*Asks:* 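Dropping a structure here in structure tokens format, bear with me for questions.
Just follow the structure's listing: the first ligand is 1, and inside any ligand the first atom is 1. Sequential numbering from 1 along the given sequence is applied to the chain's residues. Bear in mind that the values here come from a model prediction, so they are computed numbers and not experimental data.
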Amino acid sequence: MFNQKWNNLVGYQIYIKSFFDSNNDGIGDINGITKKLDYIKNLGVNFIWICPFYDSPMDDNGYDIRDYYQIDSSYGTMDDLKNLISEAHKRNLKVVIDLVMNHTSDENKWFILSEQKVEPFTDFYIWKDGKIIKDKICPPNNWQSFFSGSAWGYSEKRKQYFLKIFSKKMPDLNYENEKVFEEMEKIIAFYSNLKVDGFRVDAIAHIGKDLTFKNAKNIKKTYKSFSNLPNTHKYLKKFNQIFKKYDMFTMGELGGDPSRKDILEYTTKNELDMVFSFEQLSVFNKDDTINLKNLMKTLKYKNKISICGGSPVLFWLNHDYPRLKSKIKNEKESSNAQICLAGLMYMLKGTPIIYNGEELGMENYPYSSIDEFKDVNAKMLYENSKDKKQTLCYLKENSRDNSRTIMQWNSKKYAGFSTHEPWNYVNKNYKILNAELEQNQANSVLSAYKSILKTRANNLDIISNGKYKFFRKNAILGYFIENNNQKLAVLANFGENAKKLPFKNYKVAYGNKIFKSNEILPYEILILKSK
Ligand code: GLC
Ligand code: CA
């Protein structure tokens, strides 16, 4: 159900480790975010979503939580978090944090005690005996991890397998066990008490598993046995009561190919407030150009979610994908092409979320060897692959590391992120592509993002109450929004030629190029308002 207090906000996602390093140890931290709140506020956003900062062995950069009640010492302290929340609230910015409910770290005390069968933890995780095949002990079934290889890890201590659909250090929790709900509720209450405003709920589509644990029929799609199943919806309806009790808002990540019916059930049936679904991935062609047909479909679909009473998160990419500009780098004007995509997506009804660095048009890192990758997913994929050369090619373009490079603040050493060598690479283009330079360039991606968000803020009434009508003529596409005789048109031209606009009596609310009377130029986006 749509929660009015969140209606019409715009978010900014922060990958904490790469954002800003306040104490110069090479690692981004909580105080670093606090220092940059004015920058964030200035973009025109209303809330931040911070990737996990909990105590963690960092097998998956914090998505493997050792202690939900502690801040990882590399990121700061609980007092730093309290200070961040209070400084954010002073600026009228809400704070959303990542809540990982599908799994914990194998170093979490729940898992350690579960391995030793200490009550009440024995069944906190999903334990199964192995299968004996030709005198060899093998995993209980053919399920495969999202990060490649078997989805089962073996515990020498307990002499049993545990389910782990991500890395072997990330065992899945068992929601058939009421006690796990109780522990999660304590965590939710704890952060609600700290005045956190909401949660981005991680990997939520996977909390329900096929409880028969039989082999998946399609070996390429074994994730279907632990994605978007009826028990996930059942658990979420229960969690929804808990989130409401603590007045926490939720945005859920819907991986594992949810059906349209599933997506609507998540967002309209008292499960999650907002949903991240991934139709937009189909917009990027393999040759790094834009697929206009799928772009149209994606925009229409996000709108459909709203029409049906749900609330879509409007986003292009996040910390699990390469950079947006690189996904479309073979469009003739890739920066303007990105601006067109941003305008088309962020003028829809829903909740735009910008991923840190997107607003600068940051690009993929020019990787050359496997040793340069840090991500556990990249390493596992490489290790388990037969054709290493091909896998390396794939990773260069697609690795999640691309979006986790250091935020480019200015032209100083390490892009102004730190005075210490950072934990991850700084893209070599930082001297010509950074926040400080772009602040002062009228045609930069940063200026465009700010203007688009401002135009959105000025037209919220039409956006949230209007009726959308989609339009495509060859390479020009977009939509009209109509509300009480007010009209807005959002149109982009992805073709090579300027075209006459199909109507008159509009004034330009935003355009990324110098507007020539009644024409739309190549890679121009126009937001027009009826006179
Ligand atoms: C989500 C996160 C991703 C993480 C995974 C496991 O997909 O976005 O970064 O690796 O869950 O927690
Ligand atoms: Ca630091």
Side-chain angles (χ1 to χ4, degrees), residues 13-36 49-54 56-66 68 71-77 80 84 96-106 108 145-148 151 163-173 199-207 223 226-227 251-258 275-278 281 313 315 317-322 353 355 374-381 399-404 406-407 414 416-424:
Q13 183 195 349
I14 300 173
Y15 199 72
I16 180 169
K17 199 168 182 180
S18 306
F19 192 61
F20 187 64
D21 177 15
S22 72
N23 62 345
N24 292 312
D25 62 355
I27 298 172
D29 44 52
I30 292 180
N31 287 339
I33 300 175
T34 312
K35 287 215 160 101
K36 294 293 182 185
W49 149 30
I50 316 167
C51 285
F53 44 65
Y54 312 92
S56 162
M58 300 286 166
D59 189 50
D60 187 18
N61 276 357
Y63 280 95
D64 47 322
I65 301 178
R66 184 165 45 207
Y68 286 84
I71 306 290
D72 194 84
S73 58
S74 64
Y75 294 145
T77 64
D80 295 343
L84 167 60
V96 173
I97 64 175
D98 231 301
L99 181 66
V100 185
M101 310 212 304
N102 180 68
H103 47 268
T104 68
S105 161
D106 65 346
N108 190 299
S145 144
F146 281 115
F147 290 175
S148 86
L163 186 67
K164 48 98 191 161
I165 65 171
F166 293 98
S167 89
K168 65 175 187 298
K169 285 186 66 62
M170 299 157 85
D172 284 54
L173 286 162
F199 293 118
R200 176 264 188 182
V201 275
D202 181 68
I204 198 64
H206 315 300
I207 59 174
Y223 63 82
F226 43 82
S227 301
M251 317 185 294
E253 181 200 23
L254 305 185
D257 286 347
V275 284
F276 288 89
S277 57
F278 291 86
L281 295 181
V313 177
F315 68 110
L317 291 164
N318 61 25
H319 65 292
D320 292 330
Y321 296 92
I353 298 189
Y355 176 65
K374 316 254 185 225
D375 178 21
V376 57
N377 186 9
K379 288 183 188 155
M380 282 175 68
L381 203 69
S399 164
R400 313 192 297 180
D401 277 327
N402 280 304
S403 55
R404 300 171 181 189
I406 297 306
M407 180 77 178
Y414 306 132
F417 163 80
S418 178
T419 55
H420 186 287
E421 189 184 353
W423 73 279
N424 200 1

*Asks:* With atoms numbered from 1 as shown, which atoms in ligand 1 lie under 4.0 angstrom from a non-hydrogen atom of H319?
*Replies:* 2 (C), 3 (C), 8 (O), 9 (O)
*Asks:* Strictly under 3.0 Å of the Ca ion (ligand 2): which protein N/O/S atoms qualify?
*Replies:* D21 OD1, N23 OD1, D25 OD1, I27 O, D29 OD2
*Asks:* Angle between ring planes, F147 versus F166, binned at 30° and 60°: parallel, tilted or perpendicular?
*Replies:* perpendicular
*Asks:* Specify the protein heavy atom at minimum distance from atom 7 (O) of ligand 1: its residue, its atom name, and the distance to 0.1 Å.
*Replies:* E253 OE2, 2.8 Å
*Asks:* So is D320 touching ligand 1 or not, going by heavy atoms under 4.0 Å?
*Replies:*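 Yes, D320 has heavy atoms under 4.0 Å from ligand 1.
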*Asks:* Against ligand 1, does F147 come closer than 4.0 Å with any heavy atom?
*Replies:*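 F147 counts as a contact of ligand 1 under the 4.0 Å cut-off.
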*Asks:* List every atom of ligand 1 that sits less than 4.0 Å from any heavy atom of M170, numbering the atoms from 1 in the order shown and giving each element.
*Replies:* 6 (C), 12 (O)
*Asks:* Using a 4.0 Å cutoff against the non-hydrogen atoms of H103, which atoms of ligand 1 qualify?
*Replies:*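 So the answer, numbered in order with elements, is 6 (C), 12 (O).
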*Asks:* Please walk me through it: do R200 and D202 pass salt bridge (Lys or Arg N to Asp or Glu O under 4.0 Å)?
*Replies:* CA-CA 6 Å; R200 176 264 188 182; D202 181 68; 2.8 Å; yes
*Asks:* Are D64 and K169 within salt-bridge range, i.e. N to O under 4.0 Å?
*Replies:*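 Looking at D64 and K169, the cut-off is not met.
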*Asks:* Please report which non-hydrogen protein atom sits nearest to atom 10 (O) of ligand 1, along with the residue it belongs to and the distance in Å to one decimal place.
*Replies:* D60 OD2, 2.5 Å
*Asks:* Measure R200 to ligand 1 on non-hydrogen atoms and call it side chain, backbone, both or neither using the 4.0 Å cut-off.
*Replies:* side chain
*Asks:* Do me a favour and list the nearest non-hydrogen protein atom to atom 5 (C) of ligand 1 with residue, atom name and distance?
*Replies:* F166 CE2, 3.8 Å
*Asks:* Look at the aromatic rings of Y355 and H319 and report parallel, tilted or perpendicular, splitting at 30° and 60°.
*Replies:* tilted
*Asks:* Return the orientation label for the F146 and H206 ring planes: parallel under 30°, perpendicular over 60°, tilted otherwise.
*Replies:* tilted
*Asks:* Can any side-chain N or O of N108 pair as donor or acceptor with the backbone N or O of I65 at less than 3.5 Å?
*Replies:* yes
*Asks:* Looking only at protein heavy atoms, which one is nearest to atom 11 (O) of ligand 1, and how far off is it?
*Replies:* D202 OD1, 2.9 Å
*Asks:* Which part of H206 is near ligand 1, with near meaning a heavy atom under 4.0 Å away: side chain, backbone, both or neither?
*Replies:*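 For H206, no heavy atom sits under 4.0 Å from ligand 1.
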*Asks:* Counting heavy atoms only, which part of F276 comes closer than 4.0 Å to ligand 1: side chain, backbone, both or neither?
*Replies:* neither
